[in-house]
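To start, the structure under review is shown below, and the notes come after it.
Naming convention: chains lettered A, B, ... in sequence-line order (proteins, then strands); numbering from 1 in each chain. We use all heavy atoms of the structure for the numbers below, so side chains are in, but hydrogens, waters and symmetry mates are not.
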Number of protein chains: 2
Amino acid sequence: MAGVTTAAAEPTGPDHPATADALPLTDAGGAGADRPRRARGEQTRQLILETALRLFRERGYAETTMRAIAKEAGVAVGNAYYYFDSKEHLIQGFYDRNQAAHRAAAEHVLATEKNLAPRLRGVLHAGIDVNAPYHSFAATFFKSAAEPSSPLSPFSRESSPAREAAIAIFRDVVEGSAAKLDPELRRELPELLWLGWMGVILFWVYDKSPEQRRTRRLIDGAVPLIDRLVSLSRLRVLRPALRQVLALIDNLRRDD
Amino acid sequence: MAGVTTAAAEPTGPDHPATADALPLTDAGGAGADRPRRARGEQTRQLILETALRLFRERGYAETTMRAIAKEAGVAVGNAYYYFDSKEHLIQGFYDRNQAAHRAAAEHVLATEKNLAPRLRGVLHAGIDVNAPYHSFAATFFKSAAEPSSPLSPFSRESSPAREAAIAIFRDVVEGSAAKLDPELRRELPELLWLGWMGVILFWVYDKSPEQRRTRRLIDGAVPLIDRLVSLSRLRVLRPALRQVLALIDNLRRDD
DNA sequence: AAGCGAAGTTGAACGTGTTCAAGAAGGGTG
DNA sequence: CACCCTTCTTGAACACGTTCAACTTCGCTT
């Protein structure tokens, strides 16, 4: 979510905050009519984003036109493009918000549970909880994220801060747990769990069962399995296999 | 690739052939001016598909307009929509073709190798070989496949025949191998390997390294790993874990 | 106060995928 | 031949995402 690097349109305006839910713009600190100095447009930006996300929720992504967003927000369509490079870029705002909500929803279980399995399970369920209201339109805009060149891709450079924040949650899952495990595995595990989380999201997007129950079952089934495999990885017979996994990961990190 | 089920536009015209590369339409059997009886439009269909795929390759998917395809093919733009529900539907033709090519490219290694690892490795590399020329535009249209509701999704009902054909390759990989393994695992392995193959494709689409070398390294690293894990799964200590994996898969197959 | 320049705002215009009412072609019947 | 009906073909028209040159607003300097 750092400044968009592609090219032209992004104004020099302030980067939208990575995790904060809503900036206290209106009356920052002061008591009365203290006008915000440099954030004149920030208000417009928020208004457009707010309106867009509401319409997305109400009508779906594809069915919401940029003209409708602009009209509903009371601005010209070109104004929306002053703050957001494209319709897809509006989704980034959605990401950030949900990312923060996920973190908040996971807080409790991370603070109380001490074992790896329930910590992981709690974080995963929290993630689904947070996203559940958007399942129908998440599926619609999901394609945007799939395009490798899109800044919305979870692997893109533009998503890097959001990705790091997400990985941080899983780092917390691992580091806060009492489990004894191979140090190298411990180092790699957060990123691996995040990758698994992306897989869960993928599964969830495709999940057509009522209330996405299959995704819940996937989590409930996969977590004990992961827990078991992590424990087993300390066995003598499995050490070479573990080393092999870690070597592969390391090998794939190279960029050439 | 069976008839599109969505709704209106698809004509009652014959389903396009699943695997055949090009129908011998022009002068079927006869010596001279023997006009094909019912396949009047089939020629147009092929012409449009051919033209589209060529332009996709030459200019990329997004850069190729429906108007350009129509013009190049010498038909009206509406005519393309008579045979294909949308621009994306043109891609299905690409799928079918590559699916057949993959099968053909895998034939040799499947006929000569007897062990699981080299069979799998050969099939995976063959798949990348076949797709390599299209890497740049595969990435572009990949998003189409990602949308769950799209008929292009590898999990969609419309893709089911193509999916089955793909899984059949991996069934061949497993059944043709001499490896001794758990019967239930043997039954599930083809589908699991196909799923892994989808993962490899996903990796490949995102792979920006020269000639997608990272994907090659992924294959070369993952195959021995899979081979090892499959062997290890027969160990006493790992039986419960294996059962747990299989139970999870079975649990997730339920549709509710 | 006057002027300047950056920030913010506008809406017509462009090219796109897609639709549709209208028509043409062709072959089977009487 | 005249008639129909199905199959096939057409291109103007529509709504959409996006661009851009012009304009306004506003804080700051002189």
Side-chain angles (χ1 to χ4, degrees), chain A residues 3-4 6-15 25 34-48 51-52 55-56 59-71 73-91 140-141 143-144 147 150 152, chain B residues 4 6-14 25 33-48 52 55-56 59-71 73-91 140-141 143-144 147 150 152:
Chain A
V4 169
T6 40
E10 182 80 354
T12 51
D15 277 343
L25 275 179
D34 194 17
R35 200 80 54 70
R37 286 147 242 217
R38 302 228 116 214
R40 211 165 83 245
E42 189 60 21
Q43 224 161 165
T44 314
R45 185 195 189 101
Q46 293 293 339
L47 173 64
I48 292 170
T51 309
L55 293 185
F56 288 167
R59 318 179 181 177
Y61 178 73
E63 290 71 25
T64 303
T65 69
M66 290 300 280
R67 285 169 179 79
I69 295 171
K71 189 170 193 178
V75 300
V77 60
N79 203 2
Y81 281 93
Y82 181 73
Y83 292 101
F84 300 92
D85 277 0
S86 74
K87 188 182 176 186
E88 295 192 352
H89 275 76
L90 285 164
I91 300 177
T140 321
F141 79 63
K143 56 189 289 192
S144 304
E147 187 161 27
S150 165
L152 289 176
Chain B
V4 171
T6 41
E10 182 81 353
T12 51
L25 276 179
D34 193 17
R35 201 78 53 70
R37 287 149 240 216
R38 303 229 115 214
R40 211 163 85 246
E42 188 60 20
Q43 224 163 164
T44 314
R45 186 196 191 100
Q46 293 293 339
L47 172 65
I48 292 169
L55 291 185
F56 288 167
R59 317 179 184 178
Y61 178 74
E63 290 72 25
T64 303
T65 70
M66 289 301 280
R67 285 169 178 79
I69 294 171
K71 189 169 194 177
V75 300
V77 61
N79 203 1
Y81 281 92
Y82 181 74
Y83 292 101
F84 300 92
D85 277 0
S86 73
K87 188 182 175 186
E88 294 192 353
H89 275 78
L90 285 163
I91 301 176
T140 321
F141 79 64
K143 55 189 289 193
S144 305
E147 187 160 29
S150 165
L152 289 176

Let me know the distance between NZ of A:K71 and P of C:dG11, rounded to the nearest Å. 12 Å

On DNA chain D, check which nucleotide each of B:V77 and A:E88 is closest to and give me the residue with the more 5' one. B:V77

Look at the side-chain N and O atoms of B:T44 and state whether any lies under 4.0 Å from the OP1 or OP2 oxygen of D:dT9. yes

Please report, rounded to the nearest Å, how far the C1' atom of D:dT19 is from the NZ atom of A:K87. 17 Å

Rounded to whole angstroms, how far apart are CD1 on B:I91 and P on C:dG17? 12 Å

For A:A80 and A:I48, the nearest pair of non-hydrogen atoms, with its separation, is CA-CD1, 3.8 Å

By nearest-heavy-atom nucleotide on DNA chain C, the more 5' of B:T65 and A:A76 is A:A76

Let me know the distance between CD1 of B:I69 and P of C:dT16, rounded to the nearest Å. 12 Å

Of the listed nucleotides (C:dG17, D:dG17, D:dC8), which one gets closest to any side-chain atom of A:Y81? D:dG17

Does B:R67 make a side-chain donor-acceptor contact with the base of C:dG17, cut-off 3.5 Å? yes

Please report, rounded to the nearest Å, how far the C1' atom of D:dT10 is from the CD1 atom of B:I48. 12 Å

Would you say that B:Q46 contacts B:Y83 through its side chain, given a criterion of any heavy-atom pair below 4.5 Å between the two side chains? no

Run the side-chain contact (heavy atoms from CB on, under 4.5 Å) test on B:T44 and B:Y82 for me, step by step, so that the C-alpha distance in whole Å, both residues' side-chain angles and the decisive distance to 0.1 Å come before the verdict. CA-CA 10 Å; B:T44 314; B:Y82 181 74; over 6 Å; no

Send over the distance from A:L47 CG to C:dT9 P, rounded to a whole Å. 10 Å

Length of the CE-P vector between A:M66 and C:dA13, whole Å: 20 Å

Would you please confirm or rule out a distance under 4.0 Å between OP1 or OP2 of C:dA7 and any side-chain N or O of A:Y83? no

Just verifying a value: how many Å separate A:F84 CZ and A:R45 CZ, rounded to the nearest 0.5 Å? 4.5 Å

Just how far is it from atom OH of B:Y61 to atom CD of B:E88, taken to the nearest 0.5 Å? 5.0 Å

Please check the phosphate of C:dG8 (OP1 and OP2 only) for any side-chain N or O of A:Y82 closer than 4.0 Å. yes

D:dC16 C1' sits how many Å from A:E63 CD, rounded? 13 Å

Starting at the 5' end of DNA chain D and moving along, which residue's nearest nucleotide shows up first, A:N79 or B:N79? B:N79

